[in-house]
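Quick note on labels: first sequence line is chain A, next is B, and so on, each numbered from 1.
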Amino acid sequence: MLILQQILFVAALAATAWVLTRRIGLIRRAIQLGRPENRTDRPNERLNIMLRVAFGQKKMMTNVTVGLMHFVIYVGFIIVNIEVLEIALDGIFGTHRLFAPFTGAVYPFLINTFEILALGVWIVCAVFLIRRFVTKVPRFQPERHREMTRWPRTDAALILTFEILLMTAFLTWNASDSVLRERGVGHYNELKGVGNFVISQFLMPLFANWSDTALVVCERFMWWFHILGILFFAVYLTYSKHLHIVLAFPNTYFSDLKPKGEIKNMPEITKEVQLALGIMQADPNETPVEPGRFGARDVRDLTWKNLMDAYSCTECGRCTAACPANITGKKLSPRKIMMDTRDRLEDIQQGWQQNGPDYDDGKTLLGDYITAEEINACTTCQACVQECPVNINPLEIILQLRRYKIMEEAQAPASWNAMFSNVENNMAPWKFSPGDRFNWADQVNK
Amino acid sequence: MTGETNYQVPTMADLAAKGETPEVLFWVGCAGSFDDRYKKVTVAFVKILNHVGIRFAVLGTEETCTGDPARRAGNEFLFQMQAVANIQVLDGYGVKKIVTACPHCFNTLKNEYPELGGNYEVIHHSQFLQQLINEGKVTLKGGGEFKGRRITYHDSCYLGRANKVYEAPREVLQALDADLVEMKRSRTKGLCCGAGGAQYFKEPEPGRKDINVERTEEALATGASTIAVACPFCMTMMTDGIKNKDREDSVKVYDLAELVAQAQSL
């Protein structure tokens, strides 16, 4: 019986590892579709940002209450996973609470810590479900945000419910195990000295009338449910917005270090401009290179970091809640820009899996997912960039799409074309005579 | 004030002809040159520059658009044409330091020209005014007509989030002894006036309301009688917002330079 459990457990571990490897490989390939960009300069500064923003959750703390609640889940998740190590080893070696005999008094202390955190996670997840579905925090509501319908909404509900179930399983497992120890049933008797735990002791009365056999079944079931749940959750992450718990770290490390107001330069254009202005002479020996696409039409035209941003997005909507265009009812939502980018990548992945690696579904990010109306509404105010707790930059994608729309398709709103022509011919965005530019000086001594 | 004050506005070309170089170039910007409302800010700032005796100059008719609205709309060609041409002029005069009253020009000159070969020390006029006050070159003790007046400051995106200039404009206002009140959204959370990203040059996309109206409502909610701005586009958007709310009689929009000039009776 025990050996059968061990075989099953190792098989579950191996299956998870296999699926995870495939999923991670697929996501890696999708991110690598992006154009190259060096984000490895100034490593100390990058490390510092990662430690403060991802590890220290600095930007989550702008709203202290929500920030602290999120912190409980975050710490809970990391610390409770130490217990998963013991559980996994128990599973492989067919032991029960492997660490207990070696750690003495430290063991109950550790488990008590895990239990307190587990209860914390349980409560916060419940509060988060209430915020989403009962008190209806506006940025999560599908009535107000069209990107929050269907899967994104279900995804959020599933994650929170799942974490509640996992924590319940962990506490119930401890409770039934404690009762079995107390009764001295079978091998449970060996750890009698461990005693009861700080939270699960309150669940123990529930099992008072259970038979020993029923208790053993319950203990085993909860143990298996908890660990299989965690393995399932690891795979689920790769399909979910919840992937941010992993990608927040690299994503903040590779943050944009430029001032927020600085738009990325296009060096490929500088040469053309210098030739046009006669500043540089064309080199007759140079073989002309086919210029790449200006701006971005699809995910392949964006950088790998833009694509990593898309996978790091947990759809919290702080960007959209701060977006002046969205606040005033325009179609633009920075969160939707990020979700569309990821949806586009996942559709490409699906194409690979179903029709081979060269498959092209003929769709493009701009047009099939994001419309001109959305990107034209952006004021480039950088509120979205400022707000993102994991340093995602939706503005960079918007601007790249605009560049494609203007420079490749020559499709600008008519008044922008007028502005362009004024800048070009009158040296100002308005149709004033350049010769009148200094007339203001006449008013200085009036 | 005396009618004999004679404010000077030297151009770089004038100075170059005399073999002189100014301490700082005042980059006026298109709005500062052509927009009737913002020309008053340009004039106010020039008066302050004269008053403190700083050797400055302007480019006059040699100045052209930095290319900011073109770049933000997506027209990189046009932006770079403007930028490269401007850098030629600036470098031709050996310009080292630039002050400007436009956050968009400020951001573009400071952050975007270096990669195209234009390297200058660029400061915004709010920082410049703060320095003058800190150095005692401009004294506003007593604050004159602004003492105790309720003023709210609207953060320009390209000054605030873009370049983290949040305190300089506020310190200038505090030097006026004014009762500085903050809007619901300010500093890093400041709401855009709606003009950035070349929005100023087109109609907004369909929506429930205009961004400048939303922002003006926040400003009015503070009960301030003066809305201080530090950007020509915020100036227009907030002024239009006040008109939209029929409050132009009781609430005024001023640039920092105008407030400082008024407090000094310049």
Side-chain angles (χ1 to χ4, degrees), chain A residues 258-263 265-267 269-270 272-274 276-277 279 294-295 322 324-325 327-332 373 376-383 385-386 399 402-407 412-413 415-416 418-420 423-424 427-430 432 434-438 440-441 443-445, chain B residues 5-7 9 11 28 30 32-34 39 42-43 46-47 58 60-61 63-65 67 69-78 80-82 84-85 88 107 111-112 115-116 157-158 161-163 188-189 191-192 194-199 201-211 214:
Chain A
K258 299 195 308 298
K260 288 191 186 66
E262 180 182 338
I263 292 184
N265 193 39
M266 290 179 72
I269 282 178
T270 312
E272 301 290 318
V273 167
Q274 288 177 334
L277 290 173
I279 294 169
F294 293 138
I327 287 170
T328 55
K330 278 81 174 173
K331 279 202 177 138
L332 174 64
E373 183 179 336
N376 283 351
C378 174
T379 68
T380 71
C381 77
Q382 317 130 48
V385 186
Q386 176 79 44
L399 288 166
R402 273 190 181 177
R403 281 175 168 168
Y404 177 81
K405 206 76 192 158
I406 302 291
M407 290 192 284
S415 40
W416 270 1
M419 180 265 286
F420 295 152
V423 170
E424 208 172 332
M427 307 301 161
W430 303 285
F432 291 107
D436 293 342
R437 184 178 269 270
F438 196 32
W440 60 266
Q443 294 173 21
V444 171
N445 285 308
Chain B
T5 324
N6 189 17
Y7 297 111
V9 194
T11 63
V28 181
C30 299
S33 303
F34 291 117
K39 277 196 258 183
T42 307
V43 168
V46 160
K47 286 180 179 174
V58 297
T61 53
E63 189 186 284
T64 77
C65 174
R71 176 170 249 197
R72 270 137 197 91
N75 194 336
E76 182 73 6
F77 268 109
L78 184 52
Q80 292 204 12
M81 291 292 279
Q82 291 301 119
V84 171
Q88 290 250 293
N107 177 68
N111 297 323
E112 299 184 349
E115 232 174 299
L116 298 167
C157 305
Y158 276 85
R161 277 185 293 269
N163 291 292
T188 57
K189 294 195 174 281
L191 185 74
C192 175
Q199 293 301 324
F201 303 101
K202 72 173 189 36
E203 286 303 310
E205 321 305 316
R208 273 194 317 275
K209 82 202 284 195
D210 286 339
I211 296 171
E214 172 86 12

Against chain B, work out which of [options] has the most heavy-atom pairs shorter than 4.5 Å and name it.
{"options": "A:Cys378, A:Gly435, A:Ala441", "answer": "A:Cys378"}
{"options": "A:Glu373, A:Gln443, A:Arg402", "answer": "A:Arg402"}
{"options": "A:Met266, A:Lys258, A:Glu272", "answer": "A:Met266"}
{"options": "A:Met427, A:Met407, A:Gln382", "answer": "A:Gln382"}
{"options": "A:Lys331, A:Gln274, A:Gln386, A:Lys260", "answer": "A:Gln386"}

In terms of heavy-atom proximity below 4.5 Å to chain B, should [X] be classed as side chain, backbone, both, or neither?
{"X": "A:Ile279", "answer": "side chain"}
{"X": "A:Ile263", "answer": "both"}
{"X": "A:Trp416", "answer": "both"}
{"X": "A:Pro259", "answer": "both"}

Nearest atoms (heavy-atom pairs only) where [X] meets [Y]:
{"X": "B:Glu205", "Y": "A:Asn376", "value": "OE2-O, 3.2 Å"}
{"X": "A:Ala377", "Y": "B:Gln199", "value": "C-NE2, 3.4 Å"}
{"X": "A:Pro413", "Y": "B:Lys202", "value": "CG-CD, 3.8 Å"}
{"X": "B:Phe201", "Y": "A:Pro429", "value": "CE2-CB, 3.3 Å"}
{"X": "B:Phe34", "Y": "A:Ala428", "value": "CE1-CB, 3.8 Å"}

Has [X] got a side-chain atom pairing as donor or acceptor with [Y]'s backbone, closer than 3.5 angstrom?
{"X": "B:Glu214", "Y": "A:Thr328", "answer": "no"}
{"X": "B:Gln82", "Y": "A:Glu424", "answer": "no"}
{"X": "A:Lys330", "Y": "B:Arg208", "answer": "no"}
{"X": "B:Arg161", "Y": "A:Gly261", "answer": "no"}

- line: Rounded to the nearest 0.5 angstrom, the CZ-OG distance for A:Phe438 and B:Ser33 is 9.0 Å
Under a 4.5 Å heavy-atom cut-off, does chain A meet the side chain of [X], its backbone, both or neither?
{"X": "B:Glu76", "answer": "both"}
{"X": "B:Ile211", "answer": "both"}
{"X": "B:Glu63", "answer": "both"}
{"X": "B:Val46", "answer": "side chain"}
{"X": "B:Asn75", "answer": "both"}

- request: Classify the ring geometry between B:Phe77 and A:Phe294 as parallel (under 30°), tilted (30 to 60°) or perpendicular (over 60°).
  value: perpendicular
- request: Determine the option with the most heavy-atom pairs under 4.5 angstrom with chain A, choosing from B:Val43, B:Thr11, B:Asn163.
  value: B:Val43
- request: Mind checking side chain to side chain donor-acceptor pair (under 3.5 Å) for A:Asn265 and listing every partner two or more places apart, or none if nothing turns up?
  value: B:Arg71, B:Gln80
- line: Sorted by chain and number, sequence neighbours left out, side chain to side chain donor-acceptor pair (under 3.5 Å) with A:Lys405 holds for A:Glu409, A:Gln411
